[in-house]
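Only one structure is covered here, and it is reproduced in the block below.
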2 protein chains.
Amino acid sequence: MPQTKIKKRKRLSRDEREQQIIDEAVRYFAEVGFDGQTRELARRLGISQPLLFRYFPTKGDIVKRVYEEVYLRRWQPQWEDLLSDRSRPLSDRLNQFYHEYTNAIFEFEWVRILVFSGIKGVTLYQQYLKLIHDKVLDRICTELREEHNFPDLKKTPLTEREFDLAWNLHGGIFYIAIRKFIYGSEKRENFDAAIEDSIAVFLAGAPTVFEAILED
Amino acid sequence: MPQTKIKKRKRLSRDEREQQIIDEAVRYFAEVGFDGQTRELARRLGISQPLLFRYFPTKGDIVKRVYEEVYLRRWQPQWEDLLSDRSRPLSDRLNQFYHEYTNAIFEFEWVRILVFSGIKGVTLYQQYLKLIHDKVLDRICTELREEHNFPDLKKTPLTEREFDLAWNLHGGIFYIAIRKFIYGSEKRENFDAAIEDSIAVFLAGAPTVFEAILED
DNA sequence: TTCCTTATTGATCATTTGATCACTTTAATA
DNA sequence: TATTAAAGTGATCAAATGATCAATAAGGAA
């Protein structure tokens, strides 16, 4: 009756162990928030708690790396080209973008760590909001002007109200993720239909409102 | 040179002190999250830390009362009548509702404690989402059917896709509050214009999409 | 196989923090 | 004014928790 795996002290290379710690830290902190304890994190990793401090000087450094790990590698630069690709209808582009974007973003770890970061006053998510503003909403508004022959950008720069409307679309979609991962009140896995409908409403309704806005 | 008010140990009645503690706890926990310390809370109140435990058996009880204090007294039952008042255009009703709703809800304390509650797994906000679903979105969808002579509710109950679209409007508006109070990336105080525009887009775009949905 | 670098750990420290309790002080009231 | 119920406090406990360090052991190099 061999008690397998009760004790298998394994010696890993510096890089392997470090990555292993970060991977588990992402999972753990996403679950319980950043006031989770180093002892519990070590327990989940099957290592001693002091070993963590051999790889990271302080707990704060682990948290910092978790942020980086979660935020980086998610944004796909080709999305910027996709949104601006005028050889395809804007509706197609928006649907493809939000389909891929939500597939990349709608993950337990990502959404929760995102929200935690806002609470703890971390500036990283503010950078992310800026990314959305500059790379997504700006393009959406620009393409809408083009598609409907609205005033040229050079003469009339994008207005705050146009951005607000694009935020409303984006925020409405992101709010699905909040309902799902923060409040657990949304059980579905697939939101393609909801997203398609939201885009359809936006594209059907926004031109009218934009027209009124741009008259001033 | 009299040092006024340096020490004015005031003896309050049970009820007064209790309310004072809760009021400050709402402010404090909204600011730093629920892992704020009882010592700091007591310091802000100008009382000793053990006194807190004379009024609440545990810290958890203070937190519980904070939730209740923040959630209760915000929802106005007359909003339900407002949304259903067919003597006025739906556009007017939606604008008035969201104007009053955001005035009541868009507060630092309310939004942050709301988000914290989701993270800590408190069920209170799930109740709040249900309230929105049942008392707001349900009415919006119902009124849209009426206004556009869509299929009768008795024959075709409201579909998930209709609710999704209403959620998109509501979530988009609520996301303004998240940007403002959680991420601090929104400095404006007044969002009436943004909200009016969002409602306009919804009312201009939703009927088309609803029509398509209801054909199935 | 032996040596030696370094990954890993047990024991422990210092601080933080929720909670308790005996004692003090306030102010209403008899 | 003296009495007394209860509001309020200082001292302190116990557990939790981040961090340190000397000692141990894994596994590649010689």
Side-chain angles (χ1 to χ4, degrees), chain A residues 3-67 116 119-122, chain B residues 3-67 116 119-122:
Chain A
Q3 285 202 321
T4 48
K5 287 198 176 182
I6 278 298
K7 201 175 179 180
K8 191 184 68 174
R9 185 171 168 182
K10 186 73 184 300
R11 203 182 158 100
L12 297 187
S13 78
R14 190 100 199 152
D15 289 348
E16 275 179 302
R17 184 64 87 191
E18 184 171 315
Q19 193 55 49
Q20 190 198 45
I21 290 174
I22 290 299
D23 289 348
E24 186 61 43
V26 166
R27 259 174 259 131
Y28 177 53
F29 288 135
E31 195 177 306
V32 306
F34 286 113
D35 41 337
Q37 301 91 39
T38 53
R39 277 175 177 74
E40 171 63 16
L41 173 57
R43 199 194 58 73
R44 291 189 181 205
L45 281 159
I47 63 175
S48 69
Q49 181 243 13
L51 189 57
L52 294 174
F53 292 91
R54 193 104 179 147
Y55 285 85
F56 301 92
T58 69
K59 179 186 170 184
D61 292 292
I62 303 180
V63 169
K64 210 167 160 186
R65 277 292 304 278
V66 166
Y67 282 131
F116 295 159
I119 284 163
K120 294 298 180 185
V122 176
Chain B
Q3 286 202 317
T4 49
K5 286 198 176 179
I6 279 298
K7 201 174 177 181
K8 191 185 68 176
R9 185 172 164 186
K10 186 74 183 300
R11 204 184 157 96
L12 298 186
S13 76
R14 189 100 200 154
D15 289 348
E16 274 178 304
R17 184 63 88 193
E18 184 171 316
Q19 192 57 49
Q20 190 198 48
I21 291 174
I22 290 299
D23 288 348
E24 186 61 42
V26 166
R27 258 176 259 131
Y28 176 54
F29 288 135
E31 196 177 306
V32 306
F34 286 112
D35 42 338
Q37 301 91 37
T38 54
R39 277 175 177 75
E40 172 62 16
L41 173 57
R43 200 194 56 75
R44 292 189 180 205
L45 281 160
I47 64 175
S48 69
Q49 182 243 12
L51 189 58
L52 293 174
F53 293 90
R54 281 243 347 164
Y55 286 85
F56 301 93
T58 70
K59 180 186 171 184
D61 292 293
I62 303 181
V63 170
K64 209 167 161 187
R65 277 292 304 278
V66 166
Y67 282 130
F116 295 159
I119 284 161
K120 293 297 180 187
V122 176

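By convention in this document, chain letters (A, B, ...) are assigned in the order of the sequence lines, proteins followed by strands, and residues within each chain are numbered from 1. All values derive from a computational prediction rather than experimental measurement.
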Exercise for review: Please state how far atom CZ in A:Arg11 lies from atom C1' in D:dG27, giving the value in whole angstrom units.
Suggested key: 6 Å

Review point. Quick one: is C:dA7 close enough that its OP1 or OP2 comes under 4.0 Å of any side-chain N or O from A:Tyr55?
Key: no

Check your understanding: Are side-chain N/O atoms of A:Asp15 and A:Gln19 paired as donor and acceptor at under 3.5 Å?
Key -> no

Check your understanding: Which residue, A:Gln37 or A:Pro50, contacts DNA chain D at a nucleotide closer to its 5' end, judged by nearest heavy atom?
Key -> A:Gln37

Review point. Thinking salt bridges, do A:Arg54 and A:Glu18 make one under a 4.0 Å N-O criterion?
Key: no

Review point. B:Leu41 has an atom CG; how far is it from atom P of C:dT16, in whole Å?
Key: 18 Å

Exercise for review: Using a heavy-atom cut-off of under 4.0 Å over every strand shown, decide if A:Thr58 touches base, sugar-phosphate, or nothing.
Suggested key: sugar-phosphate

Check your understanding: Does any N or O in the side chain of A:Tyr28 come within less than 3.5 Å of the main-chain N or O of A:Gln37, such that one atom is a donor and the other an acceptor?
Key -> yes

Practice item. Verify the contact: side-chain N or O of A:Arg14 to OP1 or OP2 of C:dA7, cut-off strictly under 4.0 Å; return yes or no. Key: yes

Check your understanding: Under 4.0 Å between a side-chain N/O of B:Thr38 and OP1 or OP2 of C:dG18, yes or no?
Key -> yes

Practice item. Calculate the interatomic distance between B:Leu51 atom CG and D:dA11 atom C1'; express it in whole Å. Key: 16 Å

Point to revise | d(CG, A:Leu52; P, C:dA7) in whole Å | key: 15 Å

Review point. Between atom CZ in B:Phe29 and atom C1' in C:dT17, what is the gap in whole Å?
Key: 12 Å

Review point. What is the nucleic acid contact for A:Gly60, judged by heavy atoms within less than 4.0 Å: base, sugar-phosphate only, or nothing?
Key: nothing

Point to revise | Stepwise side-chain contact (heavy atoms from CB on, under 4.5 Å) test for A:Lys59 and A:Phe34 | key: CA-CA 10 Å; A:Lys59 179 186 170 184; A:Phe34 286 113; 5.9 Å; no

Review point. Would you say the base of D:dA19 and the side-chain of A:Gln49 have a donor-acceptor pair closer than 3.5 Å?
Key: yes

Practice item. Using atom CZ of B:Phe53 as one end and atom C1' of D:dA7 as the other, report the distance to the nearest whole Å. Key: 17 Å

Review point. In whole angstroms, how far is the C1' atom of D:dA7 from the CD atom of B:Gln19?
Key: 18 Å

Check your understanding: How long is the line joining CG of B:Leu12 and C1' of C:dA27, in whole Å?
Key -> 12 Å

Check your understanding: C:dT8 phosphate, OP1 or OP2: any side-chain N/O from A:Arg17 under 4.0 angstrom?
Key -> yes

Point to revise | Phosphate-side-chain proximity, B:Arg39 and C:dT16, N/O vs OP1/OP2 below 4.0 Å | key: no

Review point. Is the closest side-chain heavy-atom distance between A:Tyr67 and A:Val63 below 4.5 Å?
Key: yes

